[in-house]
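Written below as structure tokens is the structure these notes are about.
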Amino acid sequence: MRFSFFPGCTDHSTSLEYGLSTHAVFKTLGVELVEIEDWNCCGAAATHSINHLLSLCLPARNISKAQSSQAGPLVVPCAGCFNMLKRTEHVLKNDEAERKEIEEIVGFTYQPSLEILALMDVILNRIGLEKVQEKVKKPLKGLKLACYYGCALVRHPKITQLDDPENPQYLDRLMKSLGAEPVEWSYKIDCCGADLALTYGEVVKKLVGRIVSMAKEAGAQCIVTSCGLCQANLEMRQEIGLPIFYFTELMGVAFDVEKRDGWWKKHMISPKPLLESMGLV
Amino acid sequence: MSYRLYGFVTQPFRVDLRMEEIKLETVTSVGKVDSSFLEEATKKSGEDLSLCYQCLKCTAGCPTAPYMDIRPNNIIRMIQMGMKREVLGSSAIWLCVSCETCGTRCPNKIDIGVLMDALREMAIKEGVPAREKNIHLLHEAFVQSIRRGGRVHEATMLIDYKLRSKDFMTDLIPGMMLFLKGKIPLLPSFIKGREEIKRIFERCTKEK
């Protein structure tokens, strides 16, 4: 199995451990990820906040690169990048006038056959949980976690077309297949406000504080997420020291892949004490 | 009497429109509401704003509504009433984090996140200063970082933002922590197709 892969800018910076664990896990699963050549930034929230056309043309260039790479569906780990690429795909598929304008500016012809998939979607629906379970060497037995989806993966559902927007289950199902125990809680899709992290710290602290304390109240020992911005924001703006994992890291733990120490060193709140207490290091 | 009407739009949780108190001249003035802003916002966002019936679902689910000067439902009401200056000059349009909770829940399928994008762009085009200056400056610094290298380079982007906002002290410690963890690389990773990016920027920022 082979996919083209869009790492996104945070792969080299704030979510280093997400990229490292993703590659380790996919290697174990025997699935090849082919990085698209000379990709550019998706534009992120900043671009669609101030320039609509630019926010479509920047992702479109990546779509054109993925088309020409012919390495299969385009897989996107970062929730923010996924959302931007899907927004563009939505316009390319549904608005002929805008599609022509984008194609002309970027200099390509859109092929609707190219699929754009979230990393989690690939694991659940292309690779399958049976194959994931086959690779589990150390089940995450007894680990209580809160699955946090945030915004960009599930909303707007007409764009992302992924899971239920009010009570998504993808992460919960994946974590159960690794042997962990996802808790029931009401804040899995609440926004953590990461976009305002640098400009409105006080507001973000309140939003993060509520999410983290509610996870703890629901009995979770940690939060697991699939978004680089959410992970960094939840780790840096909370005050109770609850570890925040990427889902690929916990897959790596369950698969018992090598060189995991490097991932934990990148965390602001070290998850090592928790993993040690569970006998998972 | 117009106060009552304005009271309706600025106090979302105390809907207090007592019809019997509105005299004839107020109703007449409502009849004269300039609809050009509604038409402009509808066209720019592609959302049918006349469908809103003020159920307040958008505001109830919005994570940043408590910090906005005008709540999302009232933004729509004020657009319907032609209050362009107030809407484009509001903090609300900048505090929206595009989380799309509103648009997902709207019973009339109005995508308010998309509307907020359109309103921000209209404010910039009209030269209305951003009520939340730093939020706008950070967006600018981010976009300029992409223009320079094709990808975002956090270190130079943050320095650019600090210089623009002159807010040097906020988040120094978390920034240092990220740097020490190796999460803010010193060297930018420029792409080969920078000319292509430059061309895309030129085309997308050109006045229409």
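Nothing here was measured: the structure is a model prediction, and the numbers come from that model. A note on names: the letters A, B, ... follow the listed sequences, proteins ahead of strands, and every chain is numbered from 1.
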Is chain A contacted by the side chain of [X], its backbone, both, or neither, given a heavy-atom distance below 4.5 Å?
X: B/Ile197; result: side chain
X: B/Ile124; result: side chain
X: B/His136; result: side chain

Got B/Lys44 and B/Met122 here, is their nearest side-chain heavy-atom distance under 4.5 Å?
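Heavy-atom side-chain distance check passes, below 4.5 Å.
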
Aromatic rings A/Tyr187 and A/Trp185: how do their planes relate, parallel, tilted or perpendicular, breaks at 30° and 60°?
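A/Tyr187 and A/Trp185: tilted rings.
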
Segment of [X] engaging chain B (4.5 angstrom heavy-atom cut-off):
X: A/Arg210; value: neither
X: A/Ala197; value: backbone
X: A/Lys266; value: both

Set of ring pair (Phe, Tyr, Trp, His ring centres under 6.0 Å) partners for A/Tyr148, sequence neighbours left out:
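Ring pair (Phe, Tyr, Trp, His ring centres under 6.0 Å) check on A/Tyr148 returns nothing, list empty.
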
Does NZ or CZ of B/Arg151 fall inside the cone over A/Trp39's six-membered ring, less than 6.0 Å from its centre and within 45° of the axis?
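Relative to the ring axis of A/Trp39, which defines the angle, B/Arg151 lies inside both limits.
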
Taking A/Cys191, A/Ser49, A/Cys9, A/Ala44 one by one, which has the highest count of heavy-atom pairs under 4.5 Å against chain B?
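Most heavy-atom pairs under 4.5 Å with chain B: A/Ser49.
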
Could you pull out all donor-acceptor pairs under 3.5 Å where a side-chain atom in residues 95-102 of chain B meets a protein atom, sequence neighbours excluded?
from, atom 1, to, atom 2, distance (Å)
B/Thr101, OG1, A/Arg155, NH2, 3.4

